[in-house]
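Everything below concerns the one structure shown next.
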Amino acid sequence: MNTNLKINDALLLQMYKEMVLCRTLDERIWMLNRQGKAAIMASSQGHEAGQIGSVAALRKGYDQCYIYYRDLAVLLTLGLTPAEIIKGFIAKKGEPLSGARQFPTHGAHPTYGVINLSNVIATHIPQAVGAALTAKIMKEDRVIVAYFGDGASSAGDCHEAMNFAAIHKLPVIFFCENNGYAISVPLSKQMAVDNVAARAEGYGMPGIEIDGCDIAAVYETTIEAVARARAGLGPTLIEANVERYLPHTSDDDDSIYRSSQEIEEAKKRDPLKLLREQLLERKIMNLKEDTYIHEDAKDIVNKATEEAENAPYPETVDFFKHVYAE
Amino acid sequence: MNTNLKINDALLLQMYKEMVLCRTLDERIWMLNRQGKAAIMASSQGHEAGQIGSVAALRKGYDQCYIYYRDLAVLLTLGLTPAEIIKGFIAKKGEPLSGARQFPTHGAHPTYGVINLSNVIATHIPQAVGAALTAKIMKEDRVIVAYFGDGASSAGDCHEAMNFAAIHKLPVIFFCENNGYAISVPLSKQMAVDNVAARAEGYGMPGIEIDGCDIAAVYETTIEAVARARAGLGPTLIEANVERYLPHTSDDDDSIYRSSQEIEEAKKRDPLKLLREQLLERKIMNLKEDTYIHEDAKDIVNKATEEAENAPYPETVDFFKHVYAE
Amino acid sequence: MAVITVLEAIREAMREEMRNDERVFIMGEDIGARGGVFLATDGFLSEFGEERVIDTPLAESSIAGIALGAAMSGLRPIAEIEFADFIWPTINQIVGEAAKVRYGTEGKLNAPLVLRAPQGGGVRGALYHSQSVEALFAHTPGLKVVTPSTPYDAKGLLKSAIRDDDPVIFLEHKRTYRLVKGEVPEQEYTIPIGKADVKKPGEDISIITYGLMVHHCLEAAYLASSENISVEVLDLRTVRPLDIESIIGTVEKTGKALIVYEDNQALGIGSEVAALISQHAFEYLDAPVIRLGGPEVPAMPFSPPLEDMFMIDPGKISTAIKELAEY
Amino acid sequence: MAVITVLEAIREAMREEMRNDERVFIMGEDIGARGGVFLATDGFLSEFGEERVIDTPLAESSIAGIALGAAMSGLRPIAEIEFADFIWPTINQIVGEAAKVRYGTEGKLNAPLVLRAPQGGGVRGALYHSQSVEALFAHTPGLKVVTPSTPYDAKGLLKSAIRDDDPVIFLEHKRTYRLVKGEVPEQEYTIPIGKADVKKPGEDISIITYGLMVHHCLEAAYLASSENISVEVLDLRTVRPLDIESIIGTVEKTGKALIVYEDNQALGIGSEVAALISQHAFEYLDAPVIRLGGPEVPAMPFSPPLEDMFMIDPGKISTAIKELAEY
Ligand SMILES: Cc1ncc(C[n+]2csc(CCOP(=O)(O)OP(=O)(O)O)c2C)c(N)n1
Ligand SMILES: Cc1ncc(C[n+]2csc(CCOP(=O)(O)OP(=O)(O)O)c2C)c(N)n1
Ligand SMILES: [Mg+2]
Ligand SMILES: [Mg+2]
């Protein structure tokens, strides 16, 4: 690996701050749901290193992210504010992705180059490939990242999209956040192989399996894939092995299908804990700074919650707008 | 390879007769089309060894074949008569698959275990997997073969079906007749890899690429896959490299996208020619016998043509029948 | 008689049919250990085992295609689509293939499969957990489409669907799952597919509806009684095939028809019902045939005030009743 | 003015728009070297090159999905589905996604794509090369669905579709491709989407139709003149959005409506047209609204006598005209 693609200390610290903020926000939204305020929540806890590490490898606002519902850290790292995000969860006016017409985190934010069009899993993978085709046709060196779960890899759309991207050497990265479950269905019932990356060879692109809790590995692997894509060498499939610490969504009860032991085991590789230990050990951060980072995050999230809760609902006069061009 | 799975001389000769009959019938139907009598024709010329060699490895009438439009030799070898087949092409009463409601060769013949439900490519692959699931649930040691072209391998249904079959170790064989074209689209525009078999590993099943013009290779490979399937060891993807000597269908003009040189080159591995040479060389057949086999085939096809042409059209009184159970 | 919910009725119907007929099995996402995201198949895995309760990968087209293959080869699959909003990938296998199995093989094969899906809105489900999909299946001959409204109907109709020799799309309104309770007999019964049911008799106006809207229409109809408007409520129960006789019958009686449905109005079930009335009951009509269907936006938005704009409620129905009464 | 076929009109429309606007490109199966199975894109590969004329793998869902991604990111794809019978896998990306892009992003994104497909029967195409698919798209707000009948209309409407900022499904009746010829101006023109066209004025009966059936209806209408029945033929041109004003206008004039369409009758376009008439022109009606649509079988069979049973022809239309005239 090219050494100047390696992560540096400042970036690591920056990522840590983002991760703390995301975790704090995520916990808050989960609480808002438990209080009956937020409608539904798919937690990103355990996925953050994959999301933050990969976004850090992009040119923000230029490259594009086609995300899915669990990508809270992608949204946050790209620039959405916690208040904007909470507005989505409590369906308030000013929610910037869809004007609270869609489920939380869904819609689009062209300025940040982020799209989360629908809840229909895997449909966004061909769409991301279409955006990559646009980049190629327009001769722009934009890179598109399609984020998706292990579950999405079973869908026909995933196959068709990967195949097309490989044929045309399109600048797209297929970033699979493999947490071992599609709601309750474990990997063993989703595929007869151990990993999604095994599919890449059959399409004619590199398939790289990485520890998605190791943020440096995520960053460095994505940097390489981005370089490949910008150079016109085509797509890469990155499979980041991550963990899901909470039930599938706030509507789910995972105790029916998953042992608490398994979750405890998974928590040993909590990306937040790992990064914190690394920063402390390598003295990039001390304990006091850590406390400050956490307090700061809590403060931001508190203010954001207040702002969002005080916002009104969207106006019904706009209900019929944006069906067709006006 | 287990030696008692090897092909023997009697079987080779039998297959040759079937191949001669199929080629004769195929040429006749093409001619009927050119005379304006047969509606549309997708020729099997160049695919016969793949089709006949694989069917020979099955328990006829017990195992099931989910075929596609180019599988004339499968139909014939399973037991449809040339007259029945020609009736399909000229839409006559007595056509046994669909009563001439469908395109030629489409419909079903439960007695022979053959199904060709629709013209929508790749839809039959999950259906074949569903039939294999039935065999597993009912604890029958039936094997299902899904025949399809290279083109079909790009479809989402192919991916979803293969994945499911591998997970549940279903008794199904994915038999890809790769002729290098999906109508006019060459393999290089269909995939970034050289062969479809490369996909198998990513699903967790064996993928075997064979010379589909070498009938012994086809037979022996299929015998092994059938044994695997019957033993409950799961699916196999066999990719038989075959040739398409005629345009995609009688409606197509392949001179726009394919050089006559390429076709001449392909004819060097004509499965009929190769088998004939082998039989003569190994003295399994002499020239006189060969002449007789050809004459016999012509005779059969002549009589079949006459029978089919003399048949009436289906009656319109039955038009509304079989929409729902009656 | 026991009082149960729609969800329980559906669970009972499947459980009884699986006990009665070995060929019946279920497949879909999360239907095994999880018991389905709505718990429709709670307990099935332990009772019937992994071979008859199959957790599938996330791949709807093949859920339909594999079910179809199993149906054509002798089994009776019940395939669950987790939410109807994810049913589009099955159209190719259901509308394209399953509907034509019998016709296209001249009756040599048939496809006795049931495709179940929870649909409909009013549950803060937003664009992609609220859609109604009956219209896309009801257009095609060869399919049957059932949309029950009560526990009694749901159980009896689902049992008929499982026993039916043709493909049946069974669309359960998710808002009725736990909300709607009702009596269901202890003893075995079925309800014929293709027959509508008068849920409330009346003389002045006919409301023709199905699914969740049956309950809103009944509420509006009882309100109307207090203003001396007698409303008949006909629950279609099945939207393909439509029970034309009952539809024409009620309109011949009242002379006024209001068709209420949650799905987008244009080219929805109500369009066909209105067309049938205007052709076959023309001489009995005392007023225009009125449809009250979903508005002209692609689907139901998330935020509560926006969702309320979309949903048809007893208030909107009452307004339509009054207008029609005064015509 | 040049006399050209429908197929030539479509080719010209695409070629002119590709010359005028760099963002327009085409993708689909066999559209490159082969020039399309019907030759709609004959010569395009050599004129516009491989980047703007993309031969895709056989994978319809992704043809739609990739086109949608390209459209949302600034291009104007024209995606071809080889036959409409293979369009079902696109429903997820078109009805499920494309229709909701604008609404679901509050107007921040839009999807200016055209999905073209040859459809319809009468060409010995059997169950899977004859289907009509307009109803499955026309139900959904957010989409536009165009069904041209003549070369003039096809060219002007396709140009509008390509320039439209929303997703347009453009369904060409394959029987019209070479059969129907007509005059097309040399100079640039477009035809607005959503406007119907009176193809023949008349006084006694309104026929409302579209696509191939326009020609059969005109033939029947001219025959009727000789029996002193004056028939107006309204060509819808666009089946979503419907031109309600023109539909109501013609019925207000004649008082009698016959709706003719090749697609299966139940829940087809004619159902919505009949429903609109029975609601909005009720007081003008002198007779029931009659629909003449495809029969209740899943699709058109292959054998000539069976196909003829399915297809609506001038004879069947004439019979309906006479019955309506005598009412
Ligand atoms: C097409 C489709 N089918 C089913 C669902 C219901 N569903 C929502 S999330 C989910 C599991 C997805 O698992 P995965 O892709 O691994 O993502 P994860 O939630 O584990 O991050 C399912 C089945 C859906 N949203 N879309
Ligand atoms: C879903 C679908 N898309 C498109 C077509 C039109 N079509 C018919 S045959 C064909 C090519 C198939 O190629 P392949 O699978 O390689 O089979 P081959 O004809 O080469 O044997 C196409 C695109 C179709 N029948 N079904
Ligand atoms: Mg997962
Ligand atoms: Mg091929």
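Order of the sequence lines fixes the chain letters, A, B, ..., with proteins taken first and strands second; residue numbering starts at 1 for each chain.
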Side chains of D:Glu51 and A:Met138: does their closest heavy-atom pair fall under 4.5 Å? no
For residues D:Ile63 and A:Phe164, determine if any side-chain heavy atom of one lies less than 4.5 Å from a side-chain heavy atom of the other. no
Check whether D:Tyr103 forms a cation-pi arrangement with A:Arg101 (NZ or CZ under 6.0 Å from the six-membered ring centre, at most 45° off the ring normal). yes
Considering only heavy atoms, which portion of A:Leu97 lies under 4.5 Å from any heavy atom of chain D: side chain, backbone, both, or neither? backbone
Interface moiety of A:Ile167 toward chain D, non-hydrogen atoms closer than 4.5 Å: side chain
In this structure, CE of D:Met72 is separated from OG1 of A:Thr134 (nearest 0.5 Å) by 9.5 Å
Heavy-atom count around A:Glu309 CD within 6.0 Å, excluding the residue itself: above 12? yes
For chain D, which of A:Ala108, A:Pro126, A:Gly156 has the most heavy-atom pairs under 4.5 Å? A:Pro126
Heavy-atom nearest pair, A:Gly107 first then D:Thr105, reads C-CG2, 4.1 Å
Should D:Ser62 and A:Val129 count as side-chain neighbours, where that means a heavy-atom distance under 4.5 Å? no
Checking A:Ile125 against chain D: side chain, backbone, both or neither under 4.5 Å from a heavy atom? neither
So does A:Glu201 have more than 12 non-hydrogen atoms from other groups sitting under 6.0 Å from CD? no
What are the two closest non-hydrogen atoms of A:Ser98 and D:Gly104, and how far apart are they? CB-O, 3.1 Å
Please flag which part of D:Glu60 lies under 4.5 Å from any non-hydrogen atom of chain A: side chain, backbone, both or neither. backbone
Pairwise distance CG(D:Asn92) to OG(A:Ser118) - rounded to 0.5 angstrom: 7.5 Å
Can you tell me how far apart OG1 (A:Thr123) and CD (D:Gln93) are? Round to the nearest 0.5 Å. 5.5 Å
Out of A:Lys136, A:His109, A:His106, return the one with the most heavy atom pairs under 4.5 angstrom to chain D. A:Lys136
Closest heavy-atom pair, A:His168 versus D:Asp55, reported as atoms and distance to 0.1 Å, is NE2-O, 4.4 Å
Heavy-atom contact with chain A under 4.5 Å, split by part of D:Leu143: backbone
Look at atom CD of D:Glu22 and say whether more than 12 heavy atoms of other residues, nucleotides or ligands are closer to it than 6.0 Å. no
A quick test of your reading: do over 12 heavy atoms of other residues, nucleotides or ligands sit less than 6.0 Å from NZ of A:Lys169? no
A:Leu133 and D:Leu75: side chain to side chain contact (heavy atoms under 4.5 Å, CB included), yes or no, with the steps? CA-CA 10 Å; A:Leu133 182 64; D:Leu75 298 182; 5.6 Å; no
Below 4.5 Å from any heavy atom of chain D, which atoms of A:Phe103 appear? Answer side chain, backbone, both or neither. neither
Relative to chain D, which of A:Ala128, A:Gly99, A:Ala131 shows the most heavy atom pairs under 4.5 Å? A:Ala131
For the CG atom of D:Asp166 and the NE2 atom of A:His322, what is their distance to the nearest 0.5 Å? 11.5 Å
Validation row: D:Pro141, A:Val323 side chains within 4.5 angstrom (heavy atoms): yes
Is D:Arg102 paired with A:Glu326 through a side-chain N to carboxylate O contact shorter than 4.0 Å? no
Can you measure from CD1 (D:Ile66) to CG (A:Asp157) and round to the nearest 0.5 angstrom? 9.0 Å
Pair A:Gln102, D:Glu106: side-chain N/O donor-acceptor within cut-off below 3.5 Å: no
Is there side-chain contact between D:Glu97 and A:Val120, with at least one heavy-atom pair below 4.5 Å? yes
Rounding to 0.5 Å, atoms OG1 (D:Thr56) and CG (A:Asn163) come to a distance of 10.5 Å
